[in-house]
J.: 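Handing you this structure, nothing more for now.
Protein chains get the first letters and strands the later ones, always in sequence-line order, with residue 1 at the start of each.
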Number of protein chains: 2
Amino acid sequence: MPDRDVTIGTIQRELTAFARRARQKAAQIHPGLSLVTYTMLDHMRETGGCRGTDLAEHFLLDKSTVSRQTAVLERLGLIVREPDPDDRRGQILRPSENGLHLLEEAHRQRRATFEERFTEWGDEDLERFSGYLQRYNAAS
Amino acid sequence: MPDRDVTIGTIQRELTAFARRARQKAAQIHPGLSLVTYTMLDHMRETGGCRGTDLAEHFLLDKSTVSRQTAVLERLGLIVREPDPDDRRGQILRPSENGLHLLEEAHRQRRATFEERFTEWGDEDLERFSGYLQRYNAAS
DNA sequence: CAATGTCAGATGTATTATGCAACTAACACC
DNA sequence: GGTGTTAGTTGCATAATACATCTGACATTG
């Protein structure tokens, strides 16, 4: 059994490798859509519509960046804007029909990649891995 | 026990969350050094010196990007270049004394962050988590 | 051994994501 | 109602990146 330092080093290295690879593959989700814009779109779906400020806060991005990225999403016809009835300074952003379809398709593709990657994993290992990741991420 | 689909979905979400956070914190390693340049520097140390082409291939970057980033590292005094004795077209890049010190310091800091994060984890859980990550990454 | 094609690296140019600062319009509170 | 705050946009600058091109140095083949 390797000692604790070695094991932590391995986890560090493997997580870093994962992050690097994820970043490199990020742009392949949809033409014209980056990982950030895609994730924003997904967040709008999860929340059932949110404001630009919420996105900025959630993703730790400047509001100007959010503004430009949501402009891209609008130009692509993937979101619709509604004036916030409670605060006329803001707008509610939500995926359009096309946006929802794109999200479904992207989910399907990404999920398929993961399914394939885990075909040889047993149920118990999957459970444990999932639990460890949640435990790790929850600590941030 | 949740079913397999739900578990895989959780893993997917948690790994994506990790990647996003890693990217955001990447720039904090050293002033003037990005995650990419830092990782390049580390790769030079691991390999005991390599060429720009090797870096481009390893990190899936264009050679022009590598050229500019290594120029940054040189400007910061973190690497030294030697003509490749076997092929005078190329150069061997390796960390300078300062570069090695920076890597040690960065390793120490990052490791400390990880150590802290895992203080409450038992040895067996650490082992398993490490193994799962390796298994996952090896499948790429 | 000379010519042609390939490779390593550098540089010019363009694109993209990003942040900061300044601005406008709307809100909130006193 | 006036003053300070907030949501969003836009102007400007910066950084990482890719593609195309250029220059040497290598390699292969006639």
J.: Between C:dG19 atom C1' and A:Leu55 atom CG, what is the distance in whole Å?
T.: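 Between C1' of C:dG19 and CG of A:Leu55: 17 Å.
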J.: Taking only N/O atoms, report every protein-nucleotides 6-9 of chain D pair under 3.5 Å with atom names and distance.
T.:
{"residue": "D:dT6", "atom": "O4'", "partner": "A:Arg89", "partner atom": "NH1", "Å": "3.1"}
{"residue": "D:dT6", "atom": "O2", "partner": "A:Arg89", "partner atom": "NH1", "Å": "2.9"}
{"residue": "D:dG8", "atom": "OP1", "partner": "A:Gly52", "partner atom": "N", "Å": "3.4"}
{"residue": "D:dG8", "atom": "OP1", "partner": "A:Gln91", "partner atom": "N", "Å": "3.2"}
{"residue": "D:dG8", "atom": "OP2", "partner": "A:Gly52", "partner atom": "N", "Å": "3.4"}
{"residue": "D:dG8", "atom": "OP2", "partner": "A:Thr53", "partner atom": "N", "Å": "2.6"}
{"residue": "D:dG8", "atom": "OP2", "partner": "A:Thr53", "partner atom": "OG1", "Å": "2.3"}
{"residue": "D:dG8", "atom": "N7", "partner": "A:Lys63", "partner atom": "NZ", "Å": "3.2"}
{"residue": "D:dG8", "atom": "O6", "partner": "A:Lys63", "partner atom": "NZ", "Å": "2.9"}
{"residue": "D:dT9", "atom": "OP1", "partner": "A:Arg81", "partner atom": "NH1", "Å": "3.0"}
{"residue": "D:dT9", "atom": "OP2", "partner": "A:Ser67", "partner atom": "OG", "Å": "2.7"}
{"residue": "D:dT9", "atom": "O5'", "partner": "A:Ser67", "partner atom": "OG", "Å": "3.4"}

J.: Who pairs with B:Glu105 by salt bridge (charged side-chain N to carboxylate O under 4.0 Å, His left out), at least two apart in sequence or on another chain?
T.: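 Testing B:Glu105 for salt bridge (charged side-chain N to carboxylate O under 4.0 Å, His left out), a comparison that skips the adjacent residues, returns B:Arg108.
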J.: Rounded off to whole Å, could you give me the CG-to-P distance for the B:Leu60 and D:dA18 pair?
T.: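 Result: 9 Å.
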J.: Which residues pass the ring-ring contact (aromatic ring centres under 6.0 Å, His included) test with B:His43, sequence neighbours left out?
T.: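 Counting only residues at least two positions away or on another chain, B:His43 forms a ring-ring contact (aromatic ring centres under 6.0 Å, His included) with B:His58, B:Phe59.
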J.: Could you check A:Asp84 against A:Gln69 and say which one's nearest nucleotide on DNA chain C is further toward the 5' end?
T.: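 Counting from the 5' end, the first nearest nucleotide belongs to A:Gln69.
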J.: May I have the distance from A:Leu35 (atom CG) to D:dT17 (atom P), rounded to whole angstrom?
T.: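 Taking atom P of D:dT17 as the reference, CG of A:Leu35 is at 15 Å.
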J.: Rounded to the Å, how far apart are A:Leu33 CG and C:dT16 P?
T.: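 So the two atoms are 13 Å apart, to the nearest Å.
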J.: Round to the nearest Å and state the distance from B:Leu61 atom CG to C:dA10 atom P.
T.: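 In whole Å, C:dA10 P and B:Leu61 CG are 15 Å from each other.
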J.: Using salt bridge (charged side-chain N to carboxylate O under 4.0 Å, His left out) as the criterion, list what pairs up with B:Arg75, not counting sequence neighbours.
T.: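 With neighbours one apart ignored, the set is empty.
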J.: Here's a test of your reading of the structure: between A:Thr65 and B:Met40, which maps to the more 5' nucleotide of DNA chain D?
T.: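 Taking each residue's closest nucleotide, the earlier one in sequence belongs to A:Thr65.
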J.: Quick one: side-chain hydrogen bond (donor to acceptor under 3.5 Å, both in side chains) partners of A:Glu115, sequence neighbours excluded?
T.: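 Once residues adjacent in sequence are excluded, A:Glu115 has no partner under the side-chain hydrogen bond (donor to acceptor under 3.5 Å, both in side chains) criterion.
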J.: From the options C:dT18, D:dA18, D:dA16, select the nucleotide whose nearest atom is closest to the side chain of B:Ser34.
T.: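 The closest nucleotide is D:dA16.
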J.: Identify, with sequence neighbours excluded, every residue that meets salt bridge (charged side-chain N to carboxylate O under 4.0 Å, His left out) alongside A:Arg89.
T.: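 Applying salt bridge (charged side-chain N to carboxylate O under 4.0 Å, His left out) to A:Arg89 gives A:Asp87.
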J.: Rounding to a whole Å, what distance do you find between B:Glu57:CD and D:dA18:C1'?
T.: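 Between C1' of D:dA18 and CD of B:Glu57: 18 Å.
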J.: If the plane angle is over 60° it's perpendicular, under 30° parallel, otherwise tilted; pick one for B:Phe118 and B:Phe114.
T.: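 Ring orientation of B:Phe118 relative to B:Phe114: tilted.
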